[in-house]
Amino acid sequence: MEIELKKLGEITTGNTPSKKDEKYWDSADICFVKPDGIADEGITLISDSSEYISENARGKARVVSKDAVFVTCIGSIGKVGIADYGDYAFNQQINVIEPNEKVLPRYLAYNLLYSKPRLVAIANAPVVPIINKTQFGEFIVNIEEDRTKQAEIISVLDKLTGIIDSRKKELESFDELIKARFVEMFEKESDENVYRLEDISDIVSGITKGRKTKETEFREVPYMAVSNVKDGYIDWTTVKTILATEDEISLYKLLPNDVLMTEGGDPDKLGRGAIITEPPKDCIHQNHIFRVRLDKKRVLPRYFSAYLQSSTAKKYFLKAAKQTTGIASINMTQLRGLPTNVPTLDRQREYAEFCEQVDKSKVIVQKSLDETQILFDSLMQEYFGQAPK
């Protein structure tokens with residue numbers, strides 16, 4: 001049955017008690033929920049928060065209790081949470097539905113999670129996306145009218161969610177195992193083996209689309225932007241193209257086992273590196289990406305990409321970086337001067353072989369995760385996919 005959200009429960013938009021009145025914030029009596037307390041993926045079980053208001057603020061806040069469904073409707077649209085036991089206030093970026101007898105709370109939360117792309121699509125502000133209370137209340141979803149069947153659907157989706165979460169935790173544990181192995185093998189490396197990065201590699205920054213050139217002959221080639229360099233891997237799905245000269249292609253062409261670094265970002269992620277395994281033919285890169293091509297007779301890419309995340313490298317980058325409004329950046333000179341510990345190749349190979357064995361286990365878990373996610377997505381479509389787009 002297709003139905004408007006306002007017919008499935010009472011909808012409330014949050015607010016923020018005055019920060020100027022200290023008595024509203026002088027004790028941790030009621031959780032005050034903000035969008036950053038709701039995860040980008042899945043359904044967040046809300047049981048605490050980073051801020052609290054006092055009992056004195058109850059009359060100045062919008063307060064809900066167990067099983068209220070939270071949906072972010074300003075800025076980051078469509079994040080979904082559900083209240084655990086207790087009382088919860090929430091700010092103006094969140095709409096809350098307190099479900100009525102037509103719908104089970106967790107069933108509604110799954111339905112809204114499925115509906116996130118449509119919620120994003122109706123957000124009507126060009127700068128800051130926003131869905132007002134009226135729009136939200138008139139938003140149409142498809143529900144199963146039989147609450148017994150709703151409960152069965154919840155049971156199935158909860159089981160799949162549990163498997164997905166478990167697989168993700170397994171992958172995280174493998175990553176932690178690799179990090180721990182690096183620390184165990186190399187964290188106390190002797191200063192005698194330290195070199196400037198420029199002495200053991202060739203480092204190049206890429207090109208910009210707005211550059212000027214006197215050349216008249218260009219060729220269209222793949223072009224890697226900062227958004228393609230993720231934390232530990234390369235996202236090839238959104239690589240665009242650019243017109244480049246043969247000289248530019250020759251200078252900036254990416255090869256297997258190159259290590260890429262972005263020059264700026266969140267301070268805690270500064271210096272993250274990703275190894276290229278199979279780049280597209282003649283792929284070049286943006287100027288905000290550093291390409292590090294190592295002397296493989298001295299340094300293995302798998303070791304170096306892990307070294308970039310070591311405490312030694314992190315301390316260097318944070319000390320050298322220019323930081324403004326939460327963004328840190330390094331320049332070519334600073335990267336060239338990175339003090340780099342270089343163990344023997346035998347020890348580097350030992351570490352790389354260990355990583356390869358762990359990677360084999362990760363592939364198995366990732367395959368299981370992908371298969372479960374496909375099943376989950378298929379069932380979400382089957383259960384909730386009849387509402388108009």
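Dense packing is recorded around NZ of Lys230, with more than 12 heavy atoms of other residues, nucleotides or ligands lying under 6.0 Å away. Counting non-hydrogen atoms of neighbouring residues, nucleotides and ligands closer than 6.0 angstrom, the NZ atom of Lys116 exceeds 12 such neighbours. Applying the 6.0 Å contact sphere to NZ of Lys19 captures more than 12 heavy atoms from other residues, nucleotides or ligands. More than 12 heavy-atom neighbours from other residues, nucleotides or ligands sit within 6.0 angstrom of CD on Gln92. The 12-atom threshold is exceeded at NZ of Lys296, counting heavy atoms of other residues, nucleotides or ligands nearer than 6.0 Å. The neighbour count for Lys322 NZ, taken as heavy atoms of other residues, nucleotides or ligands under 6.0 Å away, does not exceed 12.
Between the side chains of Gln381 and Asp377, not a single donor N or O lies within less than 3.5 Å of an accepting N or O. Side-chain contact, Asp29 with Ser27: a donor N or O sits under 3.5 Å from an acceptor N or O. Side-chain contact check for Ser65 and Asp87: no donor-acceptor pair (N or O, by modelled atom type) lies under 3.5 Å. Between the side chains of Ser368 and Arg167, at least one donor N or O lies within less than 3.5 Å of an accepting N or O. There is a side-chain donor-acceptor pair under 3.5 Å between Tyr110 and Asp158. Between the side chains of Ser310 and Glu187, no donor-acceptor pair of N or O atoms lies under 3.5 Å.
Between Tyr383 and Tyr114, the distance from one ring center to the other does not fall under 6.0 angstrom. If you look at Tyr107 and Phe384, their ring centroids are closer than 6.0 Å.
Listed for the Ser54 side chain is a donor-acceptor partner under 3.5 Å among the backbone atoms of Asn56.
Salt bridge annotation for Arg181-Glu184: present, with a cationic side-chain nitrogen under 4.0 angstrom from a carboxylate oxygen. Note on Arg106 versus Asp67: no salt bridge recorded, every NZ/NE/NH1/NH2 to OD/OE distance being 4.0 Å or above. Remark: Lys297 does not engage Asp295 in a salt bridge, criterion side-chain N to carboxylate O under 4.0 Å. The pair Arg349-Glu356 does not count as a salt bridge, with every side-chain nitrogen at least 4.0 angstrom from each carboxylate oxygen.
The side-chain contact (heavy atoms from CB on, under 4.5 Å) with Gln286 is formed by just one residue from the set Thr262, Asn228, Ile242, Val226; it is Val226. Among the candidates Leu112, Asn111, Ile140, the single residue satisfying the side-chain contact (heavy atoms from CB on, under 4.5 Å) test with Leu5 is Leu112. Of the candidates Val299, Val342, Leu338, Asn341, Tyr195 forms a side-chain contact (heavy atoms from CB on, under 4.5 Å) with just one, namely Val342. A side-chain contact (heavy atoms from CB on, under 4.5 Å) with Ile46 is found for exactly one of Ile38, Val69, Ile82, namely Ile38.
Taking the salt bridge (Lys or Arg N to Asp or Glu O under 4.0 Å) definition, one finds that Asp40 meets it with Lys79, sequence neighbours left out.
Using a 4.5 Å cut-off on side-chain heavy atoms (C-beta onward), Leu197 and Arg336 make no contact. Using a 4.5 Å cut-off on side-chain heavy atoms (C-beta onward), Phe174 and Asp359 make no contact.
By the 30° and 60° cut-offs, the orientation of the rings of Tyr307 relative to Phe182 is tilted.
If you take OH on Tyr252 and SG on Cys283, they are separated by 14.0 Å, rounding to the nearest 0.5 Å.
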Chi angles and distances behind the side chain to side chain contact (heavy atoms under 4.5 Å, CB included) call for Gln309, Lys179: CA-CA 9 Å; Gln309 307 305 314; Lys179 291 178 182 177; 5.9 Å; no
